[in-house]
Each structure stands twice: as structure tokens, then as C-alpha cells.
Amino acid sequence: MSTLTTRAQDYSQWYNDLILKGGLADYSAVRGCMVIKPYGYGLWENMRDVLDKMFKDTGHQNAYFPLFVPKSLFEAEEKNAEGFAKECAIVTHYRLKTDPNNKGKLIVDPSAKLEEELIVRPTSEAIIWSTYKNWIQSYRDLPILINQWANVVRWEMRTRLFLRTAEFLWQEGHTAHATKQEAIEETERMLDVYATFAEEYMALPVIRGVKTPNERFAGAEETYCIEALMQDGKALQAGTSHFLGQNFAKAFDVKFSDKDNNLEHVWATSWGVSTRLIGALVMAHSDDQGLVMPPRIAPLQVVIVPIPVKDPAGKERIDNKALEIMNALKAQGISVKYDNDDTARPGWKFAEYELKGVPVRIALGLRDLDNNVVEVARRDTKEKTSIPLEGLTGRIENLLTDIQSNLYNRALAFRNENIVKAYTWEEFVAILDGKGGFVSAHWDGTPETEDKIKEMTKATIRCIPLNNPFEDGKCILTGAPSKQRVLFARAY
RNA sequence: CGGGGAGUAGCGCAGGCCGGUAGCGCAUCUGGUUUGGGACCAGGGGGUCGCAGGUUCGAAUCCUGUCUCCCCGACCA
């Protein structure tokens, strides 16, 4: 019987408890790296499948590039290299040998030192653009619209399950275009794909925006992002899409002949979301009883729990009806598990599936069968109702849809309540130290002020929202004139 | 890298100050009774106490060194 830490007791511990006890992931023998367990991986697979289809529908194809990046390629785009230099794992040797002084132990073979060190990719722009150079000669070769599903390594000082681990899974899109306009359109299109995915599938409301130069991806001209709000009032960047200009084309000398036979550098974008989204999902919807999975990407949507009886005939009646319900739901594309494990009792199962956040639970006993009903419990509100067997499948489908939109609306209401305008510095600090959330405030537009605010409050500018209304005002810190508000928050 | 915490059975912990050959809860196994919100009774199995030295007749316990993990901060998606 595992008890969870509550959010009020210790938010971080609550989060860890949910991940570990909910069966999403486990710590591993490697510092900062985690094991994604089947239930967590199932969630990732669902997210991946939906996103993959959305990428394909917008004209992209998948490919795969190497894990290792020769150092000389890695350093070609200076800003990008600099940005990631501090968190790179480096391969320097390619062989081990038995330690002559300590039998049974291995040491690095000094004679197997690599001519050139290999960087374990923290992102793949370098290896990909060195390849694109060979693929692009003419405007007829463009655009190149490629995505890859991969793992990357960023040697972070401090890690947190899913939110920040040394190795993580993600997808990275890398596109090449003939014109600046087309590349910007691509950047915005993919941001929109991410936002749609977050809102419609993860039930996670996000703010679309652009990053300030301070927060911009190393090597990008413009970084677009979607920002979400967690229940503890901290913001979380859920996805980014970068307009890379011609920076990588210039660094890797990627040129094409346009229709007028002029040689031009190509325009680039890159965009990504990672397993971090799972952390966002957990912190957006879950409660003190455990995880809460949005039906559209839940690893398991419906669980059927029988109420056991000793009488074999009664048991068979329950089994038959449960299987009938399961098959009917499956026929509608709903994922269902009939948990007829008779070594666990129903109460234990109820608690277990609540911990795992399964959206709908159907309980089925003889009492129900005699009345031609089942007991249906929804995870989001924990409401239980008796529902007639007649038309059950349609009701469950509607219920799943309802849970999905309820989760979104709940998260949206919370998010909107927690976007607060600040007019004075005192107010600004009070909001951050109080309930947190996004603070909408004027900023004088300088990196210096942004840094100073970060130093004083730990809050950063999460984004300048797209379609932000212009409004004359004064910078919250310096009082210098400002044309628009930006969103500040403490963030993951 | 700085600050804090922890390594004892699969998990969570006690024991340590005061050295005498390891214990509790959960889980697990067997049998039985149970089953509509984390069942109960009885019996059983499981640990070179993170690692390496040292002190001692004897070390989970004392001393020295070392490794690892977690949390908070600096870095970052």
C-alpha cells in the first residue's frame, strides 16, 4: 500500500512519487538518466504516433542521422557550438582492455585514442547540415522537409525525471528552404502543429510566442515556443520551433542555384518536442490520488474490473459480459483492459488504476448484471454512476470525449486565472512570490534588464505572445518606455 | 561545483551514541477464509548492513578513506 506525497506537502516529491509509483519511469544506474517503463513508454508511443502523423500530413519524412558528431563539424556553427559546449559528452577512445594490474577489470586502452573526438549529439543541426550540403544544388532540391526521432544527450548539472535528464528522447525536424519567407512559414506552421497537439491531445493549454534574444536557441534568428503552466505556478516550455536564417547554410556552405541561376545560401528551420512533454502532462492534470491521463493519449483508456464471486456460474456470467463489453469498445478503437487477475481484490485495483490515471473504470458484478447496468467511474472527477448495458459503448465514447474536454477546460481556467498583469515592481515580486503563474508586464526590451530581473526574482521572460497587443507603458524594473507587455514566470 | 540528506531483504525504514554475529512494516511463497474502495488468520523463504582499509577476541555499530544516489542552488529543453 503505497501512499503518495500530496502536492501541498511537497510538490517535487509528489511529482517524483507519481512518476515512480505510477510506473512511468525509474531511476537508473547512470547518474541523471532514467529508465522509461512500459506504461510511460506507451504514453510516449501514443504521443509520437500522433505527432508523426501530423508531421507526415504537413509534408515531412522521417530519416535518421548518427548519434556522433565529429568535433570539427560540431564547432562549425559557432553560436550553436558555444551554446551547447558546456553540456557535451565526448567520445575520446574506441577500445577498452584488461587492466594488467587488476585482473577482471577494464581500462581505457591508451593506444585507441581517436584522431578526432566525437561529440554525442546534444542536437543534430551540425551533422544534418553537413549532409544537406551534399543533397542540395538546385532550387529543384528544395525544400527538404525531414524529421528524425532520436535520443540526445545534454550533460545537465541537475536532473529531474522527464523534465531534464542527461539523455532524452525527442523528435527534431530540420528543413531547408529556398526563401526566407518559406522558412518562416515552416517555423510557424510547426509551432502551430505543436500547439494543436498540446491542446487537442494532451489537453494542455499553451501560449504561442517568441523568445527574447536571451532565451533564443543558440544559432537561431528567432525562436518560437509554446509555454504551458504547471499546477505549482511554474511555467514550462513544451516545444520550440526555430527560424535559423542562413546561419547553418553559411557555416556548412550549403548553396543552391535559383531559377535565375544565382547562387544563394538556403534558409533553415528546426523544431522539436521531447519526453519532457510527459512531465508537463503529469504536472498539468494529476492530483493527490495519482496520475490523470487525457483519454486521447492515455496508454490505457478503459479498465474493466470484475467483482469476483465464488460461484463458477456467476463468475462465467461476469467474464462473458466483461469480454463482450471489451470487444465492443475495442471495435470502436478504444484501448481496454479486462483485469481478471483473481489474486488482487477489487478495492486494490480501483486504487491502482486511479494511481495510473486510467480515464475510465468499469466495475462489473452480479448485482449490476441483474440490473443490466455497470458501474462507471471517471478519473478526472472521481464521479461514479450506474450506466445501462444498453448503449454502453456510445456512452463510454462520449464520456472519454467529455473527460478530454473537461481536463482541457480545467487546465485552461487555471492557466487564465494565473496570467496576471503587474503595474509596479512590488506587485510584480508579490505575484511571483505568491501564487506564481505568468506575470504580464512591460519590459524595456534590453537583455540587461531581463538579466537583472532574473537575478533578482529568478523569473525569466517566457515569451512575447504572438499577436500581442501593443500598449504604451513603462518597464516594470527600469521605468523606460515600452510598447508591449511580455510574460514573465519562474520556469522548469 | 556549493549546501543538505541517504546507502541495512524486492520496497519503505529501525538498530548505531553504549561493539557480542540483524529486526519491523509492506511485498513474496504455502494453506485456509474472503472479495462492491488498497482483506484476514496461520506457517515459511529471503540480507557478505554501498565499497576498501584500520582498531578489536569480536564491527551494521568506532576510526580513516572512497563510491553512488536523492533533494535545494548555480547551468539548461
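Throughout, protein chains are lettered first and strands after them, A, B, ... in sequence-line order, and every chain is numbered starting at 1.
The salt bridge (charged side-chain N to carboxylate O under 4.0 Å, His left out) search around A:Lys234 returns none, not counting sequence neighbours.
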Under 3.5 Å, N/O pairs linking protein and nucleotides 71-73 of chain B:
residue: B:C71; atom: OP1; partner: A:Asn16; partner atom: ND2; Å: 3.4
residue: B:C72; atom: OP1; partner: A:Ser12; partner atom: OG; Å: 3.0
residue: B:C72; atom: OP2; partner: A:Arg158; partner atom: NH1; Å: 2.7
residue: B:C72; atom: OP2; partner: A:Arg158; partner atom: NH2; Å: 2.2

For nucleotides 40-43 of chain B, print each protein N/O atom paired with a nucleotide N/O atom at under 3.5 Å, atom names and distance only.
none

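Atom C1' of B:A59 sits at a distance of 48 Å from the matching atom of B:A77, rounded to the whole Å. The P atoms of B:C62 and B:G7 are separated by 13 Å, rounded to the nearest whole Å. The separation of B:A27 from B:G46, taken at their C1' atoms, amounts to 12 Å, rounded to a whole angstrom. Across the C1' atoms, B:G25 and B:U8 are found 15 Å apart, a figure rounded to whole Å. Distance noted for atom P between B:G38 and B:C26: 15 Å (whole Å). Between the C1' atoms of B:C29 and B:G45, the separation comes to 7 Å (whole Å). Rounded to the nearest Å, the gap between the C1' atom of B:C13 and that of B:A60 is 15 Å. B:A14 sits 38 Å from B:G32 when the P atoms are compared, rounded to a whole Å.
Within 4.0 Å (heavy atoms only), A:Gln237 reaches sugar-phosphate atoms of the nucleic acid but no base atom. Note on A:Lys384: a base of the nucleic acid sits closer than 4.0 angstrom, heavy atoms only. Note on A:Leu169: nothing from the nucleic acid sits closer than 4.0 angstrom, heavy atoms only. Among the heavy atoms of the strands, none lies under 4.0 Å from A:Leu236. Residue A:Thr165 is classed as a base contact, given a heavy-atom separation below 4.0 Å to a base.
Residue A:Arg31 places its side chain closer to B:C69 than to any other of B:C69, B:A77, B:U35.
A:Val153 and A:Ala89 get closest at one heavy-atom pair: CG1-CB, 4.1 Å. A:Ala284 and A:Met230 get closest at one heavy-atom pair: N-SD, 4.2 Å.
Looking at residues 286-324 of chain A, you'll see A:Ile307, A:Pro308, A:Lys310 sit with a heavy atom under 4.0 Å from some atom of RNA chain B. Using a 4.0 Å cutoff on non-hydrogen atoms, no part of residues 117-126 of chain A comes near RNA chain B.
A:Leu244 contributes atom CG, which lies 8.5 Å from atom CG of A:Asn80 (distance to the nearest 0.5 angstrom).
By the 4.5 Å heavy-atom criterion applied to side chains, A:Ile90 and A:Trp155 are not counted as neighbours. In this structure, A:Arg121 and A:Asn151 have side chains that are in contact, with non-hydrogen atoms separated by less than 4.5 Å.
Atom CD of A:Glu390 has 12 or fewer neighbouring heavy atoms from other residues, nucleotides or ligands inside a 6.0 Å radius. Taking a 6.0 Å sphere around NZ of A:Lys458, one finds it holds 12 or fewer heavy atoms contributed by other residues, nucleotides or ligands.
Under a 3.5 Å cut-off, the side chain of A:Asp370 and the backbone N or O of A:Arg367 do not form any donor-acceptor pair. Proximity of a side-chain donor or acceptor of A:Asp192 to a complementary backbone N or O of A:Glu188 within less than 3.5 Å is not detected. The backbone N or O of A:Val360 sits nowhere less than 3.5 Å from a side-chain atom of A:Gln301 that would complete a donor-acceptor pair. For the pair A:Arg361 (side chain) and A:Val303 (backbone), a donor-acceptor distance under 3.5 Å is absent.
When the P atom of B:G36 is taken as reference, atom CD of A:Glu354 falls 15 Å away, rounded to whole Å. Between A:Asp341 atom CG and B:A39 atom C1' there is a gap of 15 Å when expressed in whole angstrom units. Across the protein-nucleic acid pair, A:Ile19 atom CD1 and B:C11 atom C1' stand 18 Å apart, rounded to whole Å. B:A77 atom P lies 8 Å from atom NZ of A:Lys211, rounded to whole Å. At whole-Å resolution of the value, CD in A:Glu87 and C1' in B:C1 are 16 Å apart. Counting to the nearest Å, the C1' atom of B:U35 and the CG atom of A:Asn340 are 15 Å from each other. As a whole-Å value, the separation of A:Arg361 CZ from B:G36 C1' is 10 Å. In this structure, CE of A:Met456 is placed 16 Å from P of B:A74, rounded to the nearest angstrom.
Ring geometry, A:Phe197 versus A:Tyr201: the interplanar angle falls under 30°, so the pair is classed parallel (tilted spans 30 to 60°). Ring planes of A:Tyr132 and A:Phe65: perpendicular class, angle over 60° (limits at 30 and 60°).
Both A:Trp155 and A:Glu375 sit near RNA chain B, but only A:Glu375 has its closest nucleotide nearer the 5' end.
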Mind running ring-ring contact (aromatic ring centres under 6.0 Å, His included) on A:Phe74 and A:Phe68 for me, showing each step along the way? CA-CA 10 Å; A:Phe74 184 74; A:Phe68 302 118; over 10 Å; no
Pairs counted only when both distances fall under 3.5 Å, Watson-Crick or G-U: show me the 5' to 3' dot-bracket for RNA chain B, [ ] for pseudoknotted crossings and | for other-strand partners. ((((((((.[[[[.)....(..]]]].((((((.....)))))).....[[[[[..)....]]]]])))))))....
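Taking the ring axis of A:Phe168 as reference, the NZ or CZ atom of A:Arg276 does not stay both within 45° of it and closer than 6.0 Å to the ring centre.
Contact annotation: A:Arg345 reaches the phosphate of B:A39 (side-chain N/O to OP1 or OP2, under 4.0 Å).
You'll find the ring centres of A:Trp271 and A:Phe55 inside the 6.0 Å limit.
Of the residues listed (A:Glu450, A:Glu222, A:Glu227, A:Glu221), the one engaging A:Lys211 in a salt bridge (Lys or Arg N to Asp or Glu O under 4.0 Å) is A:Glu227, and it is the only one.
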